[in-house]
There are 2 protein chains.
Amino acid sequence: MSTDSTQAQPLSDKAEQILNGAMQEFLTHGYAGTSMDRVAATAGVSKATVYSHFGDKQGLFSALVQQLAQQKFARLFISPEQLPTHNLREVLENMANTMLDNLIHDSDYQAFIRLMIAESGRFPELAQTFALHLAKPGIETLTRQLSSFEELNLPDPEATARIWIGALVHYVIVQEMLQGKDIMPMERDRLVDAMLHLLSTNSKLNN
Amino acid sequence: MSTDSTQAQPLSDKAEQILNGAMQEFLTHGYAGTSMDRVAATAGVSKATVYSHFGDKQGLFSALVQQLAQQKFARLFISPEQLPTHNLREVLENMANTMLDNLIHDSDYQAFIRLMIAESGRFPELAQTFALHLAKPGIETLTRQLSSFEELNLPDPEATARIWIGALVHYVIVQEMLQGKDIMPMERDRLVDAMLHLLSTNSKLNN
DNA sequence: GTCTATAGCGGGATAGAC
DNA sequence: GTCTATCCCGCTATAGAC
């Protein structure tokens with residue numbers, strides 16, 4: 001019973017508690033807007049304990065970002081294995097919709113993206129951590145998937161993957177984060193259809 | 001000479017000084033990271049003067065964002081009138097490159113985008129102001145331009161415009177802001193070429 | 001290791017002279 | 001209208017008891 005297994009391994013229970021509290025606070029209030037008092041209160045520990053584990057506020061933030069990038073949000077927001085291609089159009093449509101669903105319905109994920117963009121000027125190394133563990137694998141995975149569809153005849157699958165992801169991420173940023181859906185509504189199906197139309201030209205993928 | 005025209009109208013000289021100082025500070029340090037003391041110092045006025053003009057910190061921030069959205073950054077980042085279409089491919093290439101140049105070389109514009117995304121959760125009305133005065137006109141302008149190129153045969157020009165802009169903006173966010181260019185480099189010409197390739201399929205626009 | 005208590009400073013905001 | 005001087009609170013960080 002000493003090494004109880006309700007939680008685990010590299011981090012002490014207290015460290016994990018602290019990181020959980022820190023996640024809530026930093027995702028909600030940003031770096032400068034977060035106080036160490038409230039992190040400690042949310043985590044249910046004293047402020048001194050926070051400092052003894054992470055040194056200072058920057059250290060805590062850095063540890064949090066690396067944990068979030070490498071663990072909590074590392075699952076790609078692209079649908080993983082697809083049913084062997086019945087209909088290529090349906091497969092592509094599913095991929096886009098899965099990615100949009102995951103982004104739109106995960107407010108923590110949106111808050112993390114927002115936080116990383118917000119602090120990218122002041123913490124460039126952490127921004128790069130985000131790029132390395134989230135943006136890069138996402139692009140690589142989609143590049144591989146697009147490459148595997150030979151009917152698409154894509155001359156540059158990686159650049160095409162960036163266009164695809166950029167279109168979807170920008171859609172979520174503008175419509176959801178920047179409140180664009182009220183003043184410039186656009187159904188997501190139109191975006192996905194237009195994307196598929198662009199992909200369909202040099203291929204056998206016709207409506 | 002009383003109504004001197006070097007500057008103008010709705011704002012006093014002092015108010016403009018203050019907004020200039022506020023712009024530097026908020027763009028550099030974010031909302032929570034900006035202190036009213038430094039805004040006053042940067043603007044060259046006393047703190048009390050700042051408060052007498054704008055009420056409180058939120059009021060100043062709100063006034064600043066609205067000014068930036070409606071004036072300083074309202075010029076669209078898309079090339080305006082194009083040489084009558086010699087070669088459609090060249091025209092589209094120029095449009096994309098002009099937009100990328102404007103985004104990449106205007107660090108104030110990047111900082112403004114970053115700030116709006118950063119504060120969109122805490123100031124949703126201001127985020128919407130940004131969407132209304134910048135994102136929406138940008139999309140509308142590009143939509144009109146794409147619609148005018150009948151050879152492209154686009155079934156949904158507005159959705160296509162969003163894909164185009166999303167691809168370019170996302171490229172700048174990932175490569176420039178998030179420092180992706182070091183760990184996942186991609187020349188901008190590849191992105192633009194891939195975009196033009198996608199557009200070229202149902203049209204006479206061939207390489 | 002973790003707590004309570006506090007130091008020391010900078011924040012937003014205002015009073016009152018001019 | 002604009003300044004100087006100041007209030008008071010909350011912040012990061014630490015000392016010292018346990």
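Chain identifiers are assigned alphabetically (A, B, ...) following the order of the sequence lines, protein sequences preceding nucleic acid strands; residue numbering begins at 1 within each chain.
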If you look at every strand shown and take non-hydrogen atoms under 4.0 Å, does B:Asp56 touch a base, only sugar-phosphate, or nothing?
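Sugar-phosphate, no base atom in range.
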Whole angstrom is fine here: how far is it from CG in B:Asp37 over to P in D:dT4?
12 Å
Rounded off to whole Å, could you give me the CE-to-P distance for the A:Met36 and D:dT12 pair?
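Those two atoms, CE and P, are 7 Å apart.
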DNA chain C contacts made by residues 57-66 of chain A, counting heavy atoms under 4.0 Å:
none
Residues that B:Lys47 engages under salt bridge (Lys or Arg N to Asp or Glu O under 4.0 Å), provided they are two or more places apart:
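B:Asp37.
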Sequence neighbours excluded, the answer for ring-ring contact (aromatic ring centres under 6.0 Å, His included) partners of A:Phe130 is A:Phe112
Side-chain donor-acceptor pairs of residues 179-186 of chain A under 3.5 Å, sequence neighbours excluded:
residue  : atom : partner  : partner atom : Å
A:Lys181 : NZ   : A:Glu176 : OE1          : 3.1
A:Asp182 : OD2  : B:Gln128 : NE2          : 3.3

Residue pairs fulfilling ring-ring contact (aromatic ring centres under 6.0 Å, His included) with at least one residue in residues 36-64 of chain A, sequence neighbours excluded
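For residues 36-64 of chain A: A:Phe26-A:Phe61, A:Tyr31-A:Phe61, A:Phe61-A:Phe123.
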Please set out all donor-acceptor pairs under 3.5 angstrom arising from side-chain atoms of residues 188-196 of chain B, sequence neighbours excluded.
residue  : atom : partner  : partner atom : Å
B:Arg188 : NH1  : B:Asp101 : OD1          : 2.9
B:Arg188 : NH2  : B:Asn97  : O            : 3.4
B:Arg188 : NH2  : B:Asn97  : OD1          : 2.9
B:Arg188 : NH2  : B:Asp101 : OD1          : 3.3
B:Arg190 : NE   : A:Asp156 : OD2          : 2.7
B:Arg190 : NH2  : A:Asp156 : OD1          : 2.9
B:Arg190 : NH2  : A:Asp156 : OD2          : 3.4

Segment of DNA chain C, first to last nucleotide, that comes within the 4.0 Å heavy-atom reach of chain A:
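Answer, 5' to 3': C:dT2 to C:dT4.
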Residue pairs, two or more places apart or on separate chains, that pass salt bridge (Lys or Arg N to Asp or Glu O under 4.0 Å) and touch residues 56-74 of chain B
B:Lys72-B:Asp108
Write out all pairs satisfying salt bridge (Lys or Arg N to Asp or Glu O under 4.0 Å) with one or both partners inside residues 120-133 of chain A, taking only residues at least two apart or from two chains.
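Listed once each, the pairs are A:Glu119-A:Arg122.
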Output every pair passing side chain to side chain donor-acceptor pair (under 3.5 Å) with a member in residues 164-173 of chain A, not counting sequence neighbours, ordered by first then second residue.
none
With a 4.0 Å heavy-atom cut-off, tell me which residues in residues 40-50 of chain B come close to DNA chain D, sorted by residue number.
B:Val45, B:Ser46, B:Ala48, B:Thr49
Smallest separation among heavy atoms of B:Ala161 and B:Thr143, with atom names
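For B:Ala161 and B:Thr143, the tightest heavy-atom pair comes out as CB-OG1, 3.5 Å.
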Which atom pairs, one a donor and one an acceptor, fall under 3.5 Å between side chains of residues 38-46 of chain A and the rest of the protein, sequence neighbours left out?
residue : atom : partner : partner atom : Å
A:Arg38 : NE   : A:Glu25 : OE1          : 3.3
A:Arg38 : NH2  : A:Glu25 : OE1          : 3.3
A:Arg38 : NH2  : A:His29 : ND1          : 3.1
A:Arg38 : NH2  : A:His29 : NE2          : 3.2
A:Thr42 : OG1  : A:Glu25 : OE2          : 2.9
A:Thr42 : OG1  : A:Arg38 : O            : 2.8
A:Ser46 : OG   : A:Thr49 : N            : 3.4
A:Ser46 : OG   : A:Thr49 : OG1          : 3.1

